[in-house]
**Student:** 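Mind having a look at this structure? Questions to follow.
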There are 2 protein chains.
Amino acid sequence: MLDLTDDDTLSDIGPDVAEDRRGKPFVASVGKCFQVLKAFRRGQTDLRQRDLGLTEICKLSGLDKSAAQRFSETLVTLGYLEKDPQTRRYRPGIALIDFYYTYMVSHRLAQIAMPILIEASKVYDTTVNLCELAGTDAIYTVRIPQAKASYGTMLAGRRVPAFCTAPGTVILANMPEDEADAVLAASDLRKITEQTVTEIPALKAQMAEARRLGYHVSDRQSQAHNVSTAAPVLRLDGQAVAAVHIPGYAPHWNLESVHEKLVPLAVDTARRISDSLTEAM
Amino acid sequence: MLDLTDDDTLSDIGPDVAEDRRGKPFVASVGKCFQVLKAFRRGQTDLRQRDLGLTEICKLSGLDKSAAQRFSETLVTLGYLEKDPQTRRYRPGIALIDFYYTYMVSHRLAQIAMPILIEASKVYDTTVNLCELAGTDAIYTVRIPQAKASYGTMLAGRRVPAFCTAPGTVILANMPEDEADAVLAASDLRKITEQTVTEIPALKAQMAEARRLGYHVSDRQSQAHNVSTAAPVLRLDGQAVAAVHIPGYAPHWNLESVHEKLVPLAVDTARRISDSLTEAM
DNA sequence: AACTTTGTATCACAATGCGATACTTTGTTC
DNA sequence: GAACAAAGTATCGCATTGTGATACAAAGTT
């Protein structure tokens, strides 16, 4: 009944440490509390399970039992986890949602893009997404969903690997080459489907092509049956800040119809957002 | 150009401490780091400003300069804040979005509700929301937006006071009376507009009426020019777990047309979700 | 150029978080 | 249903870790 199966690839939640921030003050307890929260994301994608026991939190967070207990209880007190008094298991708390709002409310790009994306979604009654690059992942920040999509693909916050997805490709294609190279070098270049391209030269050729064309079509590179397209949102200086992504799900859309209809829609939508952006920034 | 003005009431981010959790282990550093993150939410609604300097973080979080620095830098290292090297100001980091996904992906109610809400939004081309109660606030967890709405009202994670909004009223009306009373008692019963009802007896009468009718129409109680309606999503035992909320914005909708069209839509949508729920739970 | 404001670095102290250990409860097996 | 295993909770002395007053540096302002 509850089908959590997802057809596309998920990324884990990113590296635990950032760049060269050594020397900066760092409060270890804070890092550990986020390890606990991350455990729930890992736990969910792995086990399709909504809540975790203390022992599972230990394993998924890498903390010992005492620490896991302390931080879990702390997070319950703060409302970021909830604890079932019966089962004594923990689950994500509703207060977590606050941070989405905190991030998005100050996000000018999303603010500008939202109405344009909504309009676009109506043209062919399709899902339309806005993606941004975060490390080696593309994160969906705004999603205008359609009823037939699977639940996981309706949610903002989803991460997918940049190198093998249409939105990732167009963003990488329109950023400084050395930065793009760094992302590829840091990426875990695994074959997700049979079609996934994993060789750096082939990927760079794809990116060059995407840059030339102004869009990219991902033909079952990360999803077995689906074709999706993306076009870059560009700053005045030509650098990509995001991508408009439109998936074409299997029965209804194919390579041909995506090229004919969704590609122009994605390109046009991204261009409209880019134009509005440069005015405001 | 960038209009961040919002027409409805926002709640602050909730109490800093929960119930009677004394005795439970608590890591103070973790609490303080969340004070810093909350500062950004406060800062944004107050100042309509996207980033905060260290001194502002001090004021908004209640921490001293050293602590503010330590926790801000820690959060930067973890990716939950970003720091502009030029201005040395901090802003929310994209990694914050991860927690929305973490919460939502395991949320069976949202999963069930999403397609039904999408369908409903197409009937009159309106925004349709799913709200849940958190403390004295109603939090929007799922929003199907329409292009004409203001940005703030498109975002999941928004909090509004329960007592003076339609979704809050229908949820309070369909929960154990003592719990509802407790929520009202804890609420900050301020007049938001001229029409806001703030007397407990009047509020309880409203709730009784909402319970009898199966819906509630909020006539400019929290928004000066708008009328909105909500209907409860009920568990098999009749307890509310959420509310379907449909706002009727001013020029297009009025009290009459809301009653005629949006009320039946909200009631029907909430009932369809309730029915799917009980099967699954 | 003098001043104010804001951000960064330092460091000795002890409070605070740590985690090994022991205890209690749940639920699993025979 | 007794015996056992596994998961969750409580305890507590130690020293690690975070603390915050102070001093310093770098931007902004007059």
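Predicted, not measured: the structure shown is a model, and the values here were computed from it. Each chain gets a letter, A, B and so on, in the order its sequence line appears, and its residues count up from 1. What you see below is based on every heavy atom in this structure, not just the backbone, and it leaves out hydrogens, waters and symmetry mates.
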**Student:** Just by modelled atom types, is the B:Tyr101 backbone N or O under 3.5 Å from a matching donor or acceptor in the A:Arg41 side chain?
**Tutor:**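 Between the backbone of B:Tyr101 and the side chain of A:Arg41 there is no qualifying donor-acceptor contact (under 3.5 Å).
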
**Student:** Check the distance between C:dG19's P and A:Leu54's CG and give it to me in whole angstrom.
**Tutor:**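 That distance rounds to 14 Å.
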
**Student:** Would you call B:Ser276 and B:Ile116 a side-chain contact if the rule is heavy atoms closer than 4.5 Å?
**Tutor:**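 In short, these two side chains touch, coming nearer than 4.5 Å.
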
**Student:** Considering residues at least two apart in sequence or located in another chain, which fulfil the side-chain hydrogen bond (donor to acceptor under 3.5 Å, both in side chains) criterion with B:Asp84?
**Tutor:**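 By the side-chain hydrogen bond (donor to acceptor under 3.5 Å, both in side chains) rule, B:Asp84 matches no residue at all.
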
**Student:** Judged by atom type as modelled, is there a donor-acceptor pair below 3.5 Å linking the side chain of A:Arg235 to the main-chain atoms of A:Val241?
**Tutor:**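 Side chain of A:Arg235 to backbone of A:Val241, a donor-acceptor pair under 3.5 Å: no, none is there.
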
**Student:** Over its full length, what angle do the end axes of the helix from C:dA1-D:dT30 to C:dC30-D:dG1 make, each axis taken from five pairs and the result rounded to 10 degrees?
**Tutor:**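 Angle reported: 50°, given to the nearest ten degrees.
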
**Student:** May I have the distance from B:Glu73 (atom CD) to C:dG7 (atom P), rounded to whole angstrom?
**Tutor:**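 Result: 11 Å.
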
**Student:** Among residues at least two apart in sequence or on other chains, which ones pass side-chain hydrogen bond (donor to acceptor under 3.5 Å, both in side chains) with A:Tyr100?
**Tutor:**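 By the side-chain hydrogen bond (donor to acceptor under 3.5 Å, both in side chains) rule, A:Tyr100 matches no residue at all.
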
**Student:** Rounded to the nearest angstrom, tell me the gap between atom CD in A:Gln69 and atom C1' in D:dA7.
**Tutor:**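 Computing the A:Gln69:CD to D:dA7:C1' distance gives 11 Å.
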
**Student:** Over how many whole Å does the gap from A:Arg89 atom CZ to D:dT9 atom P extend?
**Tutor:**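 After rounding, the reported distance stands at 12 Å.
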
**Student:** Apply salt bridge (Lys or Arg N to Asp or Glu O under 4.0 Å) to B:Arg190 and list each qualifying residue two or more places apart in sequence or on a separate chain.
**Tutor:**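 So B:Arg190 forms a salt bridge (Lys or Arg N to Asp or Glu O under 4.0 Å) with B:Asp188.
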
**Student:** Between A:Arg159 and B:Asp98, does a salt bridge (Lys or Arg N to Asp or Glu O under 4.0 Å) hold up when you go through it step by step?
**Tutor:** CA-CA 8 Å; A:Arg159 287 171 176 259; B:Asp98 289 332; 2.8 Å; yes

**Student:** Without decimals, in angstroms, what is the distance between A:Leu63 CG and C:dA20 C1'?
**Tutor:**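 Interatomic distance, CG of A:Leu63 to C1' of C:dA20: 16 Å.
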
**Student:** Distance check needed: D:dA7 P versus A:Ile57 CD1, whole Å only.
**Tutor:**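 From A:Ile57 CD1 to D:dA7 P: 13 Å.
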
**Student:** Show the atom names and distances, to 0.1 Å, of all donor-acceptor pairs under 3.5 Å that link a side chain in residues 63-72 of chain A to residues at least two apart or in another chain.
**Tutor:**
| from | atom 1 | to | atom 2 | distance (Å) |
| --- | --- | --- | --- | --- |
| A:Asp64 | OD1 | A:Ser66 | N | 3.1 |
| A:Asp64 | OD1 | A:Ala67 | N | 2.8 |
| A:Ser72 | OG | A:Ala68 | O | 2.6 |

**Student:** Please output the side-chain donor-acceptor pairs of residues 171-180 of chain A that fall under 3.5 Å, not counting sequence neighbours, one pair per line with the distance.
**Tutor:**
| from | atom 1 | to | atom 2 | distance (Å) |
| --- | --- | --- | --- | --- |
| A:Asn174 | ND2 | A:Val170 | O | 2.8 |
| A:Glu177 | OE2 | A:Lys204 | NZ | 2.9 |

**Student:** Please produce a list of atom pairs where a protein N or O lies less than 3.5 Å from an N or O of nucleotides 12-14 of chain D.
**Tutor:**
none

**Student:** Assign each of A:Tyr90 and A:Phe26 to its nearest nucleotide of DNA chain D by heavy atoms, then name whichever residue's nucleotide is nearer the 5' end.
**Tutor:**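 Between the two, 5'-proximity favours A:Tyr90.
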
**Student:** In B/S/- notation, 5' to 3', how is nucleotides 19-29 of chain D contacted by protein heavy atoms closer than 4.0 Å?
**Tutor:** BBB----SS--

**Student:** How would you list, by chain and number, every residue that makes a ring pair (Phe, Tyr, Trp, His ring centres under 6.0 Å) with A:Phe34, sequence neighbours excluded?
**Tutor:**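 Ring pair (Phe, Tyr, Trp, His ring centres under 6.0 Å) list for A:Phe34, sorted by chain: B:Phe34, B:Tyr80, B:Phe99.
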
**Student:** Could you pull out all residues at least two apart from A:Arg91 that satisfy side-chain hydrogen bond (donor to acceptor under 3.5 Å, both in side chains)?
**Tutor:**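 Once residues adjacent in sequence are excluded, A:Arg91 has no partner under the side-chain hydrogen bond (donor to acceptor under 3.5 Å, both in side chains) criterion.
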
**Student:** Figure out the CG/C1' separation between A:Asp84 and D:dT9, and round it to whole Å.
**Tutor:**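 Answer to the nearest Å: 17 Å.
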
